[in-house]
Amino acid sequence: ISHPFFTKVISNIESSAAEKGFKLLLCNSKEQPEKEQDYLDMALEMNFLAVIYLFPPDNPQALERALERIPIITICDNVPDSKADQVELNNFRSGCIAAEHLISLGHRNIVMLTTPMDRNIARLSRVKGAENLIHASENCTLHIISDFIDTPEGEMAIENNFDYSVGYHLAQDPHIVKCGATAIIATNDMVAIGAMDALSEKGFRIPEDYSIIGFDNLFYTGLERIS
């Protein structure tokens, strides 16, 4: 819930619910299956009208059991084989659009910075989309940087602003300079902003030295220094 994308979505859901006379209760499972189970049990015991997920379930078995008694909607990545109603962004196409835009600006050597993809289908789909478009384009290369080293800074990032910190640290990877990249795709806007700060601290100019594109269209991306 610390990520501004989710706070905006939550605010809009609450406003829409209030218009219909409903109240919203926010539960943060912190990606812990046990907490997710506890919150679903609470929703059933208190006769909630429905449950909305903003992130892929960490306890799909508990979700499927709860579905027998309460409507559940997931607004997140595609959850294969789930019987819950799903609202999903076409993340593959989003990755294609980002790559297509940079190529249209004349960039041929592009880096993609991503938070870990092991449990996030959206990130993986965005990477695959960009990868597919770039590999299909003449004389274009994509370099993917996704490792986030387990350091004290990394631990602090998890507790604080994870996406921003990931972007900040990944943008310091020497391979970005060595590979001769002129553009960067970040898997979301906070990763992009973190990368911009890291590159600016090293004396690089944006967009003169690097063009950077993210996802989510957060409010911050319209601020003059960023946009």
Side-chain angles (χ1 to χ4, degrees), residues 2-9 89-117 120-149 153-154 156-158 160-227:
S2 63
H3 194 293
F5 171 79
F6 293 108
T7 56
K8 180 63 176 176
V9 173
L89 174 69
N90 189 335
N91 286 290
F92 183 87
R93 179 60 185 149
S94 298
C96 291
I97 292 171
E100 191 173 42
H101 176 66
L102 292 177
I103 291 173
S104 74
L105 296 177
H107 298 287
R108 296 294 179 267
N109 204 350
I110 300 170
V111 162
M112 189 157 194
L113 304 181
T114 174
T115 46
M117 298 179 287
N120 192 303
I121 300 173
R123 295 167 191 153
L124 180 59
S125 295
R126 291 174 186 177
V127 171
K128 292 297 183 183
E131 194 173 36
N132 184 74
L133 194 289
I134 290 172
H135 286 172
S137 303
E138 188 175 357
N139 298 321
C140 292
T141 305
L142 179 67
H143 310 266
I144 300 171
I145 299 176
S146 63
D147 293 332
F148 190 51
I149 299 173
E153 292 82 4
M156 186 176 295
I158 293 173
N160 296 298
N161 198 329
F162 180 69
D163 293 297
Y164 171 88
S165 299
V166 168
Y168 182 89
H169 288 287
L170 292 182
Q172 299 182 57
D173 192 309
H175 184 66
I176 295 176
V177 175
K178 291 179 181 177
C179 74
T182 60
I184 295 173
I185 300 173
T187 48
N188 64 44
D189 285 342
M190 293 307 296
V191 172
I193 294 170
M196 290 173 67
D197 283 349
L199 293 169
S200 295
E201 287 179 8
K202 289 180 175 294
F204 294 109
R205 300 166 301 161
I206 299 166
E208 292 84 356
D209 297 317
Y210 292 101
S211 291
I212 299 183
I213 189 169
F215 299 81
D216 293 338
N217 197 30
L218 298 180
F219 167 76
Y220 310 113
T221 59
L223 300 178
E224 184 176 355
R225 189 184 74 81
I226 295 175
S227 64

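Quick note: residue numbers are just sequence positions, from 1.
Looking at heavy atoms from C-beta onward, Q172 lies out of side-chain contact with E201 at the 4.5 angstrom threshold. In this structure the side chain of T114 never reaches within 4.5 angstrom of the side chain of V191, judged on heavy atoms. Using a 4.5 Å heavy-atom cutoff, the side chains of M190 and V166 are not in contact. Taking the side chain as every heavy atom from C-beta outward, I185 and R126 never approach each other to under 4.5 Å. Between I97 and R93, some side-chain heavy-atom pair lies under the 4.5 Å cut-off. By the 4.5 Å heavy-atom criterion applied to side chains, I176 and Y210 are counted as neighbours. Residues V111 and D173 form no side-chain contact, since every pair of their non-hydrogen atoms from C-beta on lies 4.5 Å or further apart. Side-chain contact check for S211 versus L102: some heavy-atom pair is nearer than 4.5 Å.
Minimum heavy-atom separation, L142 to E131: CD2-CA, 3.6 Å.
For the atom pair CD1 of I134 and CD of E100, the computed distance is 11.0 Å after rounding to the nearest 0.5 Å. Separating the OG1 atom in T187 from the CG atom in D216 is a distance of 9.0 Å, to the nearest 0.5 Å.
In this structure, D197 contributes its side chain and Y168 its backbone to no donor-acceptor pair below 3.5 Å. Between the side chain of R108 and the backbone N or O of N139 there is no donor-acceptor pair closer than 3.5 Å. At least one donor-acceptor pair closer than 3.5 Å links the side chain of D189 to the backbone N or O of F215. One N or O on the side chain of S104 and one on the backbone of H101 form a donor-acceptor pair closer than 3.5 Å.
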